[in-house]
Amino acid sequence: MIKDKFLMTSDIRVRFAPSNTGHLHIGGARTALFNWFFAKHHAGTAILRIEDTDRQRSTEEYYDAILEAFEWLGLEWDEGPYRQSNRMDLYQEAAEKLLSSGAAFRCTCTPEEVNAMRERARAKGKTPKYDGTCRDRYEKEPNVPFCLRLRAADTGETIVDDILAGEVVFENSQLDDMVIVRTDGMPTYNFCVAVDDIDMRISHVIRGNDHLSNTPKQVLVYQALQEATPKFAHISMILGSDKKRLSKRHGADSVLEYKERGFLPEALINYLVRLGWSHGDQEIFSKDEIIANFALENLNRSAAIFNPEKLLWLNQEYIKSADGGFLVDSLDAGLRKQGLPPDVLSRKTREGIVDELRTRSSTLVDMIEGARFFFEDDIELDEKAASKFLTSESSELMLKLRNELNKIDAFSSENVKSAFHRVMDEEAVKLGKLAQPVRVAITGGTISPGIFETLSLLGRDRSLYRLDAALGRVNQ
RNA sequence: GGCCCCUUCGUCUAGCGGUCAGGACACCGGCCUCUCACGCCGGUAACAGGGGUUCGAGUCCCCUAGGGGUCACCA
């Protein structure tokens with residue numbers, strides 16, 4: 001969308017904050033999309049922040065892959081990517097502030113001891129949580145390692161005001177004295193999130209529903225830091241066909257994998273956004289249309305099941321109306337990947353090929369597969385089709401057609417059609433009798449675009465060569 | 001298990017007290033047709049259950065059931 005230069009940037013600031021412990025998967029992408037469209041709709045600022053405080057599992061490969069995925073999707077972030085690992089000073093400063101104000105305390109309990117506490121509480125039928133052993137043990141022994149915990153209230157309640165869920169009340173008795181800085185000095189997720197969101201002046205936190213239960217913990221950090229909370233919107237999640245959380249088991253769920261499988265970014269975006277969001281009966285939206293109409297209020301609160309068939313349908317819709325040049329480029333790249341040179345046929349011809357294939361391909365991969373035979377020197381015949389259609393009976397017809405094709409002037413689909421009709425009239429056969437054997441001879445199989453167009457696109461030389469090869473086979 | 005969220009066709013959804021409960025994907029017919037598609041026409045299919053509130057409830061409230069999430073020195 002062209003930015004209206006008269007439109008002032010609003011105070012709306014949102015962030016998408018994935019961890020680089022895995023690929024950007026479609027669930028995360030949808031969350032990112034909601035954030036991004038919300039920001040654009042309000043002429044606000046969309047920020048990308050990588051949460052890489054997990055030293056064990058974060059990798060640079062995933063970091064790069066996440067950026068690559070966004071690049072492919074065509075989502076540009078107004079700020080970032082910020083990385084939490086570069087912002088340690090900020091967290092340390094906040095932690096010290098909390099320590100000196102008494103909101104946080106040093107805890108020398110070992111993980112084993114804390115686990116034991118939780119077990120004891122569980123055995124008594126109570127909420128398993130840290131028991132507060134170190135809360136008031138202010139004199140600490142030197143050389144004993146410690147972590148920092150945030151002192152949680154034992155009574156009362158913490159209310160999360162959510163745009164979608166309304167006021168959600170959590171009993172403070174459920175809350176733990178959570179660790180905000182680990183023994184190794186690394187700050188923890190729930191702490192960094194709040195500190196960063198404050199520092200980045202985030203106005204709306206839009207994230208998955210799985211974070212709702214975490215929110216009161218973060219609210220506690222805001223309160224301890226004496227900062228106002230942002231507005232929250234916890235969106236529904238995407239589930240697999242088994243109604244379980246999306247995972248590797250459901251197949252390809254990384255965004256980049258959809259690229260590999262021949263999906264167009266516009267189609268993926270359209271599909272993902274429509275999961276939970278709608279605008280009347282409209283199914284197909286350009287980015288600009290989504291920007292114009294997106295509103296958090298229209299978001300569905302219930303989980304959505306990922307439906308690959310509908311994505312496929314949408315993808316084909318996008319392929320049907322895609323720019324021809326783009327499709328040719330995609331075709332060329334796909335062919336080269338398989339070691340087939342695209343330029344055995346002219347670019348104009350390839351444009352004709354993708355035009356024939358666009359109504360027959362639900363993915364770019366399908367399209368390339370459907371175009372293979374145009375570019376192979378020697379096609380592979382499907383045995384079943386060959387034995388059914390390449391018979392001595394059909395070979396006579398094909399031979400006649402071959403001679404007619406050899407005579408025609410320009411090898412246009414119209415002229416090819418005339419050639420067919422001359423043979424059909426002469427032999428008093430219907431088109432089907434002639435077309436299927438020719439199709440098998442030309443394409444190797446029984447499925448292809450219209451036979452006149454196919455021959456015309458393939459060109460006279462290659463067409464006759466293949467016809468001859470098929471004829472030779474029958475006569476053997 | 002505690003706490004939290006959710007519940008309209010198989011799936012995505014429209015609906016925001018009065019509709020024959022609409023659209024889309026998928027599926028099933030039909031038309032078109034040289035195959036496969038595309039396109040066009042038509043069809044099957046839903047308010048989880050039970051209580052209220054109301055003249056009237058898919059729409060509001062409660063309960064039950066089911067599904068999901070979360071309870072870490074992971075994010």
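Quick note on labels: first sequence line is chain A, next is B, and so on, each numbered from 1.
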Does [N] pair with anything, Watson-Crick or G-U wobble, both distances under 3.5 Å, and if so, with which nucleotide?
{"N": "B:rG39", "result": "B:rC31"}
{"N": "B:rC20", "result": "none"}
{"N": "B:rC25", "result": "B:rG10"}

Notebook entry, point to check: Is A:Glu396 atom CD crowded by more than 12 heavy atoms from other residues, nucleotides or ligands, each under 6.0 Å away?
Noted result: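 At most 12 heavy atoms, drawn from other residues, nucleotides or ligands, come within 6.0 Å of this atom.
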Cut-off 3.5 Å, side chains only: do [X] and [Y] have a donor facing an acceptor?
{"X": "A:Asn300", "Y": "A:Ser302", "result": "yes"}
{"X": "A:Gln56", "Y": "A:Asp54", "result": "no"}
{"X": "A:Asp162", "Y": "A:His234", "result": "yes"}

Nearest to side-chain heavy atoms of [X], which nucleotide of [options]:
{"X": "A:Gln436", "options": "B:rC71, B:rA14, B:rC34", "value": "B:rC34"}
{"X": "A:Gln174", "options": "B:rG69, B:rG2, B:rC34", "value": "B:rG2"}
{"X": "A:Asn214", "options": "B:rC73, B:rC12, B:rC71", "value": "B:rC71"}
{"X": "A:Asn300", "options": "B:rU13, B:rA26, B:rC5", "value": "B:rU13"}
{"X": "A:Thr183", "options": "B:rA75, B:rC73, B:rC5", "value": "B:rC73"}
{"X": "A:Arg245", "options": "B:rC25, B:rC5, B:rU70", "value": "B:rU70"}
{"X": "A:Arg360", "options": "B:rC3, B:rU35, B:rU8", "value": "B:rU35"}
{"X": "A:Lys310", "options": "B:rU35, B:rG69, B:rA24", "value": "B:rA24"}
{"X": "A:Phe170", "options": "B:rG23, B:rC6, B:rC4", "value": "B:rC4"}
{"X": "A:Asn307", "options": "B:rC73, B:rU35, B:rU11", "value": "B:rU11"}

Name the nucleic acid region contacted by [X], choosing base, sugar-phosphate or nothing; use a 4.0 angstrom heavy-atom cut-off, strictly under.
{"X": "A:Val440", "answer": "nothing"}
{"X": "A:Ser361", "answer": "nothing"}
{"X": "A:Arg57", "answer": "base"}
{"X": "A:Pro449", "answer": "base"}

Checklist line | Axial cation check for A:Tyr258 ring with A:Arg261, 6.0 Å and 45° limits | finding: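 So A:Arg261 does make the cation-pi contact.
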Item checked: Six-ring centre of A:Tyr130, A:Arg149 cation under 6.0 angstrom, axis tolerance 45° ->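 Satisfied, under 6.0 Å and within 45°.
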Which value, in whole Å, describes the distance between the [atom1] atoms of nucleotides [N] and [M]?
{"N": "B:rC3", "M": "B:rG58", "atom1": "P", "value": "31 Å"}
{"N": "B:rG10", "M": "B:rA46", "atom1": "P", "value": "7 Å"}
{"N": "B:rU11", "M": "B:rC27", "atom1": "C1'", "value": "12 Å"}
{"N": "B:rC71", "M": "B:rC12", "atom1": "P", "value": "26 Å"}
{"N": "B:rC20", "M": "B:rC28", "atom1": "P", "value": "32 Å"}

Next item on the list: Taking only the side-chain nitrogens and oxygens of A:Lys320, find out if one of them lies under 4.0 Å from OP1 or OP2 of B:rG39.
Entry: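 Affirmative; the distance criterion is met.
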Next item on the list: Would you indicate, yes or no, if B:rC4 has its OP1 or OP2 atom less than 4.0 angstrom from a side-chain nitrogen or oxygen of A:Arg301?
Entry: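 Checking B:rC4 against A:Arg301, no side-chain N or O comes under 4.0 Å of OP1 or OP2.
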At less than 3.5 Å, do the side-chain atoms of [X] and the base atoms of [N] form a donor-acceptor pair?
{"X": "A:Arg439", "N": "B:rC34", "value": "yes"}
{"X": "A:Gln282", "N": "B:rG23", "value": "no"}
{"X": "A:Asn209", "N": "B:rG69", "value": "no"}

